[in-house]
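What follows is a set of notes on a single structure, which appears directly below.
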Amino acid sequence: MQQIILGNICIDVVYKEIKNVHLSVYPPSGKVRISAPLRMDIDTIKIFAISKLGWIKKHQIRLLEQKRETPREYINRESHYYLGKRYLLKVFENDASHKIILKHSTIELYVRRTTSQERMKIKLDSWYRQRLKEIIPDYIEKFEKLMDVKVEEFAVKRMKTKWGSCSREAGRIWLNLELIKKPLFCIEYIIAHEMVHLLERKHNEIFIAYMDKYLPKWRFYKEELNRSPLRYENWSY
C-alpha cells in the first residue's frame, strides 16, 4: 500500500483490478483511501486526490461531527431503534427457541440462558434484516411505476460508508441494514436515490431533476438521515 500526503491529510492508495478510481472516507475518524486501477501511476492518482480535496474535507468534518451510538451490550432497558422510534430492550432467558417480539415501547428478546452477547447481536440483526426486507418491495414497486425502470434484484447488507448502492448493469440495488433503525421516509429516500441511478449514473443536474420529480421532499429526508446517530463500529478496511 502506498500513501499520498496532502497537508495534514494522509491518503492510502490501494491498487486493484478495477477500471475506475474509487475514493472513500471512512468513519469514525475520516480516514481516506483511494482504490486505483493497476495501470495508473501515482502522479495521476495524486492529481485526482488534489482535485477532490474539498470533497474529502467536507466529508471528514461531517463524520467527526456526527453523533454515534455507544456500543450495544444487549442488556435489559438498553435503547434500540426501529423505524426511527426508540425502544427499550427486554431480555428473557429460557430453555425454548429464541424469538423477538415488538411491543409498544419495548423489543422483547427471548434467548437461551447460555446465549452470548455476540449471539444476541446476530439474532437481533437477523430480525432487523427480515423486517427491512419486508418493507422494501412496496417502495420498489412504487418507484418502478413512477420511473419506468425495473429492479431485477435487491439485497440488504451492512455497509461501512454508504446507505445504499446501485448496479445499473445488473439492475440491482443494495441497502444498508442500518436503515431499519431510521424513519420510513429515510428508507424511501435511499430506495428512490438508488433507483434514480438506473436512469442517471452521476450525481449531476439530471439526477437532481429526477429526484425533485419523483420525491420532492428528498432534501429534507436526506438532512434528517444525515443528522441521525450512526451505529457504533470498530471501523476497519
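Each residue takes its place number in the sequence, starting with 1. The model shown is predicted, which means the values in this text are computed figures rather than measured ones.
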Side chain to side chain contact (heavy atoms under 4.5 Å, CB included) between Leu23 and Trp55, intermediate numbers included
CA-CA 10 Å; Leu23 172 64; Trp55 184 91; 3.5 Å; yes
How far apart are the C-alpha atoms of Lys103 and Tyr87, what are their side-chain angles, what is the distance that settles it, and do they pass the side chain to side chain contact (heavy atoms under 4.5 Å, CB included) test?
CA-CA 9 Å; Lys103 293 196 172 179; Tyr87 291 84; over 6 Å; no
Under the side chain to side chain contact (heavy atoms under 4.5 Å, CB included) rule, what do Trp127 and Ile180 come out as? Steps first, then yes or no, please.
CA-CA 10 Å; Trp127 179 79; Ile180 194 61; over 6 Å; no
Take Phe154 and Glu194 through the side chain to side chain contact (heavy atoms under 4.5 Å, CB included) test and state the conclusion after the steps.
CA-CA 11 Å; Phe154 77 86; Glu194 300 309 329; over 6 Å; no
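None of His203, Glu200, Arg219 except one satisfies the side chain to side chain contact (heavy atoms under 4.5 Å, CB included) rule with Ile208; the exception is Arg219. Screening His59, Arg33, Lys31 for a side chain to side chain donor-acceptor pair (under 3.5 Å) involving Tyr26 leaves a single residue, Arg33. Among Val111, Thr115, Ile75, Ile107, the one residue that satisfies the side chain to side chain contact (heavy atoms under 4.5 Å, CB included) test with Val91 is Val111.
At least one side-chain heavy atom of Gln60 sits less than 4.5 Å from a side-chain heavy atom of Ile9. At least one side-chain heavy atom of Ile173 sits less than 4.5 Å from a side-chain heavy atom of Ile140. Using a 4.5 Å heavy-atom threshold, the side chains of Ser79 and Arg72 count as touching. Between Glu224 and Pro183 there is no side-chain heavy-atom pair separated by less than 4.5 Å. Considering only heavy atoms from C-beta on, Leu198 stays 4.5 Å or farther from Met147 through its side chain. For the pair Pro216 and Met211, the minimum side-chain heavy-atom distance is 4.5 Å or more. Using a 4.5 Å cut-off on side-chain heavy atoms (C-beta onward), Trp174 and Lys162 make no contact. Residues Ile135 and Leu83 have side chains in contact (heavy-atom distance under 4.5 Å, counting atoms from C-beta outward).
Between the side chain of Arg129 and the main chain of Leu177, no donor-acceptor pair closer than 3.5 Å is present. Put simply, the side chain of Glu17 never gets that close to the backbone of Leu38: no donor and acceptor are under 3.5 Å apart. Under a 3.5 Å cut-off, the side chain of Asn176 and the backbone N or O of Leu179 do not form any donor-acceptor pair. Proximity of a side-chain donor or acceptor of Glu108 to a complementary backbone N or O of Lys90 within less than 3.5 Å is not detected. Of the possible polar contacts, none joining the Glu188 side chain to the Leu184 backbone as a donor-acceptor pair under 3.5 Å is found. In this structure, the side chain of Arg112 engages the main chain of Asp95 through a donor-acceptor pair within 3.5 Å.
To the nearest 0.5 Å, atom NZ of residue Lys181 and atom CZ of residue Arg86 are 14.0 Å apart. Here the CG-CD1 distance, from Leu132 to Ile187, works out to 5.5 Å after rounding to the nearest 0.5 Å. Here CG of Leu199 is found 9.5 Å from SG of Cys166. Values are rounded to the nearest 0.5 Å. If you take CD on Gln117 and CD on Glu73, they are separated by 6.5 Å, rounding to the nearest 0.5 Å. Note that CG of Leu175 is 11.0 Å distant from NZ of Lys133, once rounded to the nearest 0.5 Å. To the nearest 0.5 Å, atoms OG1 (Thr106) and CZ (Arg77) are separated by 10.0 Å.
In terms of heavy atoms, Leu6 sits closest to Ala49 at CD1-CB, 3.8 Å. Among all heavy-atom pairs drawn from Ala192 and Leu215, the shortest one is CB-CD2, 4.0 Å. Considering all non-hydrogen atoms of both residues, Tyr15 and Pro37 come closest at CD2-O, 3.2 Å.
Taking the six-membered ring where tryptophan is involved, the planes of Tyr110 and Phe92 are essentially parallel, since the angle between them stays under 30° and well short of 60°. Ring pair Tyr210/Tyr214 is parallel by interplanar angle, where below 30° counts as parallel and above 60° as perpendicular. The aromatic rings of Tyr128 and Tyr82 sit parallel to each other, their planes meeting at less than 30°, with 60° as the upper class boundary. Ring geometry for Tyr189 against Trp218 counts as parallel: the plane angle stays under 30°, on a 0 to 90° scale with 60° as the upper cut.
Both Ile50 and Phe48 are members of a single hydrophobic cluster when ILVMFWY side chains are connected at heavy-atom separations under 4.5 Å. Connection of Leu102 to Leu89 is established within a shared hydrophobic cluster, with ILVMFWY side chains joined at heavy-atom distances below 4.5 Å, either directly or through further cluster members. Both Ile42 and Met40 are assigned to one and the same hydrophobic cluster, defined by single-linkage of ILVMFWY side chains at heavy-atom distances under 4.5 Å. One hydrophobic cluster, built from ILVMFWY side chains closer than 4.5 Å, cannot hold both Met120 and Ile122; they sit in different ones. No continuous path of ILVMFWY side-chain contacts below 4.5 Å connects Tyr81 to Ile101, so the two sit in separate hydrophobic clusters.
The residues Lys145 and Glu141 are annotated as salt-bridged, a charged nitrogen and a carboxylate oxygen being separated by less than 4.0 angstrom. Under the 4.0 Å criterion applied to side-chain N and carboxylate O atoms, Lys217 and Glu223 are not assigned as salt-bridge partners. Arg172 has no carboxylate O lying under 4.0 Å from a charged side-chain N of Glu152, or vice versa, which leaves the two without a salt bridge.
The number of heavy-atom neighbours closer than 6.0 Å to CZ of Arg119, taken from other residues, nucleotides and ligands shown, is 12 or below. Within 6.0 Å of atom CG in Asn204, more than 12 heavy atoms from other residues, nucleotides or ligands are found, so the atom counts as buried in its surroundings. Lys123 NZ: more than 12 foreign heavy atoms inside a 6.0 Å radius. Atom CD of Glu205 has 12 or fewer heavy atoms from other residues, nucleotides or ligands within 6.0 Å. More than 12 heavy atoms of other residues, nucleotides or ligands shown are found within 6.0 angstrom of NZ on Lys85.
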